[in-house]
Amino acid sequence: MTQQKVRTRFAPSPTGYMHIGNLRTALYAYLFAKANGGDFILRIEDTDRTRYVADAVDFIERTLKLAGITPDEGPGYGGDCGPYVQSERMDLYKKYAEELVKTGHAYYCFCDPKEDHTTGEFGGYDRTCRNLSQDVIDEHLKNGDPYVIRQKMPLDGETSYQDVLHGTVTIPNSELEDQVLLKRDGMPTYNFANVIDDHLMGITHIMRGAEFITSTPKYILLYQSFGWDVPVFIHLAPVMGKNEDGSVSKLSKRHGATSFDDLVKMGYLPEAIVNYVALLGWNPKTTNQEIFSMQELTSHFSLEGLSKSPAVFDYQKLGWVSGEYFKAMEPAKFAEMAKPFAGDLPDYLAAHWDSLAELLRTRIERLGQIPQEIGFLCEQPAFDAELYVNKRNKVTPEKAKDLLPAVIELLEAVPESEWTNDSLYAKLEAHIEATGVKKGLMMWVVRIAAAGQKVTPGGATEILTLLGKENSLARLKKSLDALNAM
RNA sequence: GGCGCCAUCGUCAAGCGGUUAAGACACCGCCCUUUCACGGCGGGUUCAUGGGUUCGAAUCCCAUUGGCGUCACCA
């Protein structure tokens, strides 16, 4: 028996929004295909005309690209199983639905969805049209009456299938509704188009959300009706969000950003998001490594590492992962990437952007933190004597008052051309030695007087350098005045 | 409600009948330090409950409880 080539797919509906859970599904499907030398197919499921969002296909492709997931086949990627957009395959579904009617696995239903059989036990439908005589059916068809085609479910017994994660799943057939295959508008339902396309596109492994566990027997029955091979099913546990009261529920808007796009806008690194999401419901088993490139993800991926229980999305850990990426990044690359997040910078900061960015690089987790990180450099925060209190370095406002005048005098003598970090550090160090004051104490006082904020990216001299001579001195004097006025 | 899925630290998780129950994030100490960060060291009543099976159970079985999902001419 020849080994069949693995083919997986990602089949989003074009909503213009890539939920983290969907991204993860796409990622796993992609990784599994690549780990096994297979193909990953992108298919657009746009059978609901009322939900169609313009440009959504474009959006999906851009998102996948940003995430580093490259389809082997799909709209815009080519492939032998196209078209890869379901609305362009309509005639196909109709043909297959009619075939099922002929073989007795489906039937025409002329009921009005709003009026008829609304009290039936199956989603408002009671299987009435199963019993229509051929004459009645022909009459309706001849009149051009609207109809749907429904799947004829077995009335008793049960249907089972194998799920890689969940083992044998069995559902009583009595739970299965005579689901609609072909809608009034001629479009197939998701449940039908899925089976047809997965078969026609040679999909071998279906990865999708756990919400499909219960409806999969309907698919199985469909495959059997056609006499087709049943693919391997892998139902992924949902991604959860933590609620205020500590409970969890499926990740949604109220938990914060839930789309890949939102996260990118917040300044998390796309690679880091993908890395973190990969770990949310999967683990490499053979290593404790947590930072993975797409390449490494591919080589480590295996189905055994997939978790069958839901995972809670943790923004904190995502932040850590993203921070790790920034720490490992080329300074120049980071500076360039971070620039748009800094907003309008005063000239003196814009001139020092590279060194400012370098201070930021190792201390932030997302680019969106930058404005608040550097706010104090743009405008001196209001005076607060409390800032001059630090136990470890024995700093007090009084000491600051004593130390500052000499520092100001010293700095005033520094020529503009020597206003650099190294030079300032050397001068302050010499001053510290001359006065016999502890370095931590002196530096704390200078830093606070210049920054006006307890926590700052960078130390005293780095801040002085960033601020420039004129600016620094003005701030130092202002702080000293405030201290004297106490 | 019927049906189904799930259940190890706060979170992600390893574990597949015998372990001092890994590791990471977060948290708390301490060290280092020109602040913060980084880095280093250390800390914490984690196997939902109750029954089995077994010499032995976090691991297997059953029940309970809880969470989640699903019951559309949406995907």
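Each chain gets a letter, A, B and so on, in the order its sequence line appears, and its residues count up from 1.
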The complete set of side chain to side chain donor-acceptor pair (under 3.5 Å) pairs with one or both residues in residues 271-283 of chain A, sequence neighbours excluded, reads A/N275-A/Y325

Say you draw a straight line from CD of A/Q179 to NZ of A/K152; how long is it, rounded to the nearest 0.5 Å? 15.0 Å

Dump the pairs, protein N or O against N or O of nucleotides 14-17 of chain B, anything under 3.5 Å, distances to one decimal.
from  : atom 1 : to     : atom 2 : distance (Å)
B/A14 : OP1    : A/N283 : ND2    : 3.1
B/A14 : O5'    : A/N283 : ND2    : 3.2
B/G15 : OP2    : A/K285 : NZ     : 2.7

Going by salt bridge (charged side-chain N to carboxylate O under 4.0 Å, His left out), name the residues that satisfy it together with A/E88, two or more places apart in sequence or in a different chain. none

So how far is it from A/L483 CG to A/I448 CD1, rounded to the nearest 0.5 Å? 11.0 Å

The ring-ring contact (aromatic ring centres under 6.0 Å, His included) partners of A/F292 (sequence neighbours excluded) come to A/H300

Please list each protein N or O that sits under 3.5 Å from an N or O in nucleotides 29-33 of chain B, with the distance.
from  : atom 1 : to     : atom 2 : distance (Å)
B/U33 : N3     : A/R392 : NH2    : 3.1
B/U33 : O4     : A/R392 : NE     : 2.7
B/U33 : O4     : A/R392 : NH1    : 2.8
B/U33 : O4     : A/R392 : NH2    : 2.8

If the P atom of B/C27 is compared with that of B/C38, how far apart are they to the nearest Å? 10 Å

When you check the phosphate oxygens OP1 and OP2 of B/A72, does a side-chain N or O of A/K183 lie under 4.0 Å from one of them? no

Students often get this wrong, so: under 4.0 angstrom with heavy atoms, is A/A460 touching a base, only sugar-phosphate, or nothing? base

Grab the CG-P distance between A/N173 and B/C71 for me, whole Å please. 17 Å

Test: A/K454 and A/D384 ion pair at under 4.0 Å: no

Write down the distance between CE (A/M187) and C1' (B/C74), rounded to a whole number of angstrom. 13 Å

Would you kindly give the CG-to-P distance between A/L251 and B/C12, to the nearest whole Å? 13 Å

Pairing partner of B/C71 (Watson-Crick or G-U wobble, both distances under 3.5 Å): B/G1

Pull out every protein N or O sitting under 3.5 Å from an N or O of nucleotides 1-5 of chain B, one pair per line with the distance.
from : atom 1 : to     : atom 2 : distance (Å)
B/G2 : O2'    : A/E175 : OE2    : 3.1
B/G2 : N2     : A/E175 : OE1    : 3.4
B/C3 : O4'    : A/E175 : OE2    : 3.4
B/C5 : O3'    : A/H166 : ND1    : 3.0

B/G17 pairs with which nucleotide, Watson-Crick or G-U wobble, both distances below 3.5 Å? none

How far, in whole Å, is B/C71 from B/A63 if one measures between their P atoms? 26 Å

Would you tell me whether A/E462 and A/S355 have side-chain atoms, one donor and one acceptor, within less than 3.5 Å of each other? no

Checking all strands, does A/T456 fall into the base, sugar-phosphate, or nothing category for heavy-atom contacts under 4.0 angstrom? base

Checking N1-N3 plus N6-O4 or O6-N4 for Watson-Crick, or N1-O2 and O6-N3 for wobble, each under 3.5 Å, the partner of B/U65 is B/A7

Of A/R363 and A/L280, the one whose nearest nucleotide on RNA chain B sits closer to the 5' end is A/L280

Are any protein N/O atoms closer than 3.5 Å to N/O atoms in nucleotides 64-68 of chain B? If there are, list each pair with its distance.
from  : atom 1 : to     : atom 2 : distance (Å)
B/C68 : OP1    : A/V248 : O      : 3.4

Does A/D163 have any side-chain contact (heavy atoms from CB on, under 4.5 Å) partners at least two apart in sequence or in another chain, and if so, which? A/Y161, A/L165, A/H166, A/V169, A/F233, A/H235

A/F59: partners by ring-ring contact (aromatic ring centres under 6.0 Å, His included), with sequence neighbours left out: none

Can you work out whether A/G440 or A/L318 has the more 5'-proximal nearest nucleotide on RNA chain B? A/L318

Using a 4.0 Å heavy-atom cut-off, does A/F212 contact any base of the nucleic acid, only the sugar-phosphate backbone, or nothing at all? base

Grab the OH-P distance between A/Y315 and B/A24 for me, whole Å please. 25 Å

Over all strands shown, is A/G458 touching base, sugar-phosphate only, or nothing at heavy-atom distances under 4.0 angstrom? base

Just how far is it from atom CD1 of A/I291 to atom CG of A/L297, taken to the nearest 0.5 Å? 10.5 Å

What contact category does A/T461 fall into here, base, sugar-phosphate, or nothing, at under 4.0 angstrom with non-hydrogen atoms? base

Could you let me know what B/C27 is paired to, Watson-Crick or G-U wobble, both distances under 3.5 Å, or none if it's on its own? B/G43

What is the distance, rounded to the nearest whole Å, between atom CG of A/D314 and atom C1' of B/C27? 13 Å

Nearest-0.5 Å distance, CZ of residue A/F110 to SG of residue A/C129: 7.5 Å

Quiz: residues 433-445 of chain A side-chain donor-acceptor pairs under 3.5 angstrom, not counting sequence neighbours:
from   : atom 1 : to     : atom 2 : distance (Å)
A/T435 : OG1    : A/H431 : O      : 2.9
A/T435 : OG1    : A/I432 : O      : 3.2
A/K439 : NZ     : A/Y425 : OH     : 3.0
A/K439 : NZ     : A/E429 : OE2    : 3.2
A/W444 : NE1    : A/L387 : O      : 3.2

Could you note down all residue pairs passing side chain to side chain donor-acceptor pair (under 3.5 Å) where residues 392-403 of chain A supplies at least one of them, sequence neighbours left out? A/N390-A/N393

Looking only at side chains, do A/T128 and A/D126 share a donor and an acceptor under 3.5 Å apart? yes

For A/V148, answer base if it contacts any base atom (sugar-phosphate contacts may also be present), sugar-phosphate if it contacts only those atoms, and nothing otherwise; contact means non-hydrogen atoms under 4.0 Å. base

Partner residues of A/E373 under the side-chain hydrogen bond (donor to acceptor under 3.5 Å, both in side chains) criterion, sequence neighbours left out: none

Between B/A24 and A/K317, counting only base atoms on the nucleotide and side-chain atoms on the residue, is there a donor-acceptor pair under 3.5 Å? yes

